[in-house]
Amino acid sequence: MRVLYIGGTGEISSACVAEAAKVGHQVTVFNRGQTSPRLPAGVEQIVGERIDYGASTSLAARNFDVVCQFLAFNAADAAKDIATFKGRCGQFVFVSSASVYSKPIVQLPINENTPIGNQFSRYSEGKLDCEAQYLKAHIADHLPVTIIRPSHTYRHRLPSTIVSGDHLAWRLQNGKPIAVHGDGQSVWTLTHAEDFARAFVSVCGQTKAYGQTVNLTSDIGYTWNHILTTVAQAIGVVPEIQPILSSRLEAAIPELESTLSGDKANSLIFDMTKLKTLVPRWQCEVSLDLGIRSAWAVVAKRLQDGFQPDRELDTKIDELIHQAEREAQT
């Protein structure tokens with residue numbers, strides 16, 4: 001198939017581009033060309049800005065069997081896509097987010113009919129605005145749409161909570177304790193990008209997926225304590241993990257509300273029935289241990305190249321950990 005990726009260089013999309021090329025599709029990526037990894041042989045790259053790709057002479061006269069949109073974040077982005085690709089693609093696949101489900105989660109596992117509307121996250125609300133625009137276009141026969149909802153998908157970034165994966169690794173390497181929200185026992189779903197990509201590419205071109213919203217995640221959950229311990233083991237250290245109430249973390253660092261109350265403080269397990277109806281033989285093949293060790297190999301290079309965390313944030317984390325330690329001793 002002739003497949004266009006809008007993006008194609010991110011944590012998820014780069015793996016999808018590689019998989020699409022591997023199975024023999026004619027792949028084009030459209031992006032700014034600033035952070036592109038080495039593209040697979042035969043992949044065409046068109047450089048441009050998202051704000052004007054509809055006017056790009058390199059795209060204006062092209063038709064694609066599938067367009068994969070990884071970089072739409074609000075209704076205006078969606079409207080631009082509809083105007084640009086109406087009548088010019090066989091399937092339009094929008095990568096949304098599983099964070100759109102209403103929080104707190106009241107029933108597991110989460111399926112595509114679970115209530116949506118995440119009051120804690122502007123990002124999630126923007127993704128829902130996109131979904132509404134695309135589905136409206138689908139119903140009007142303007143664009144054959146499939147919506148994909150990934151959860152936490154990783155490849156070259158270590159899974160983490162509260163701080164970035166690079167910051168987490170930096171603290172562990174420097175012998176500093178690390179924080180976990182709550183008691184660390186909330187259950188989280190992690191999907192390696194290579195596993196995601198195999199399912200994603202298999203959904204592309206399937207007429208049965210038109211007009212469908214599909215969760216695409218692993219169906220295995222791990223506690224955050226287990227995830228953080230696995231990261232530490234890959235780095236070669238024994239972690240000192242300090243639990244801290246999510247409410248206290250959010251009070252000290254307000255921007256964490258969308259990350260915690262809106263996402264990671266909830267236990268998330270997904271029902272993959274719909275995906276496995278479309279791709280019956282698919283299952284995750286990259287184990288947590290292997291995936292994290294692979295990610296650590298990339299993160300280690302960034303640390304060697306001089307990565308430094310936000311010092312103000314790091315100091316706040318230290319203060320919160322020390323406060324929790326003092327309270328635990330009294």
Side-chain angles (χ1 to χ4, degrees), residues 97-110 118-124 150-154 157-191 217-218 220-235 237-270 288 291-292 295 299 309-330:
S97 170
S99 68
V100 301
Y101 292 109
S102 181
K103 306 299 188 306
I105 296 293
V106 296
Q107 185 174 348
L108 294 174
I110 298 166
N118 187 344
Q119 62 179 319
F120 300 102
S121 173
R122 287 186 178 181
Y123 168 82
S124 301
S151 188
H152 190 154
T153 307
Y154 73 105
R157 299 174 188 168
L158 288 169
S160 180
T161 178
I162 303 172
V163 297
S164 72
D166 287 9
H167 191 170
L168 171 69
W170 181 89
R171 288 186 68 91
L172 288 167
Q173 270 205 328
N174 284 276
K176 303 185 76 171
I178 57 176
V180 67
H181 59 272
D183 60 2
Q185 292 301 310
S186 59
V187 176
W188 191 245
T189 300
L190 289 169
T191 311
T217 79
S218 169
I220 300 174
Y222 305 92
T223 68
W224 273 106
N225 284 335
H226 180 77
I227 293 168
L228 296 175
T229 298
T230 304
V231 170
Q233 289 172 341
I235 295 173
V237 300
V238 177
E240 179 185 346
I241 302 175
Q242 178 61 54
I244 302 175
L245 289 173
S246 295
S247 57
R248 176 171 290 180
L249 288 163
E250 292 173 355
I253 310 170
E255 55 268 32
L256 284 178
E257 184 179 54
S258 62
T259 300
L260 297 179
S261 290
D263 213 11
K264 294 178 179 176
N266 299 269
S267 288
L268 300 184
I269 298 292
F270 294 89
L288 181 67
I292 285 179
V299 173
D310 180 310
R311 291 297 179 177
E312 182 178 351
L313 175 60
D314 195 63
T315 298
K316 284 184 178 180
I317 298 298
D318 285 338
E319 292 171 351
L320 287 163
I321 288 175
H322 293 155
Q323 181 182 3
E325 289 173 339
R326 288 193 300 269
E327 291 176 353
Q329 293 170 0
T330 59

Which atom names give the shortest non-hydrogen contact between P239 and I178, and what distance separates them? CB-CD1, 4.3 Å
When rounded to the nearest 0.5 Å, the distance separating CD1 of I241 from CD1 of I244 is 12.0 Å
Do the side chain of T223 and the main chain of H226 share a donor and acceptor less than 3.5 angstrom apart? yes
Among E250, Q119, H181, which one satisfies side-chain hydrogen bond (donor to acceptor under 3.5 Å, both in side chains) with S261? E250
Value rounded to 0.5 Å, distance of OG1 in T230 from CD1 in I292: 5.0 Å
Taking atom CD as the centre, does E327 end up with more than 12 heavy-atom neighbours from other residues, nucleotides or ligands that are less than 6.0 angstrom away? yes
Give a yes or no answer on whether the side chain of S124 reaches the backbone of N118 with a donor-acceptor pair at less than 3.5 Å. no
Determine whether more than 12 heavy atoms belonging to other residues, nucleotides or ligands lie under 6.0 Å from atom CD of E312. no
From OG1 (T161) to CG (L249), nearest 0.5 Å: 8.0 Å
Shortest non-hydrogen contact from L172 to V231? CD1-CG1, 4.0 Å
How are the rings of Y101 and F270 set to each other: parallel, tilted or perpendicular (split at 30° and 60°)? tilted
In Y154, Y222, W224, the residue satisfying ring-ring contact (aromatic ring centres under 6.0 Å, His included) with W188 is W224
For the backbone of L268 and the side chain of T189, can you confirm whether one donor and one acceptor N or O come within less than 3.5 Å of each other? yes
What's the spacing between S247 OG and E257 CD if we round to 0.5 Å? 11.0 Å
To the nearest 0.5 angstrom, please state how far the CD atom of Q233 sits from the CD1 atom of I235. 10.5 Å
Quick one: pull up CG in L190 and OG in S218 and give me the separation to the nearest 0.5 Å. 8.0 Å
Between D263 and S258 (side chain of the first, backbone of the second, donor and acceptor by atom type, cut-off under 3.5 Å), is there such a pair? no
Strictly distance-based, threshold 3.5 Å: is any side-chain N or O of N225 a donor or acceptor partner for the main-chain N or O of D183? yes
Determine whether a donor-acceptor pair (N or O, by modelled atom type, separation under 3.5 Å) exists between the side chain of Q242 and the backbone of P177. no
Could you walk me through whether D314 and R171 satisfy the salt bridge (charged side-chain N to carboxylate O under 4.0 Å, His left out) test, starting with their C-alpha distance in whole Å, then the side-chain angles of each, then the deciding distance to 0.1 Å, before giving a yes or no? CA-CA 9 Å; D314 195 63; R171 288 186 68 91; 2.7 Å; yes
Can you label the angle between the H167 ring and the W170 ring as parallel, tilted or perpendicular, going by 30° and 60°? perpendicular
Pair H152, T191: side-chain N/O donor-acceptor within cut-off below 3.5 Å: no
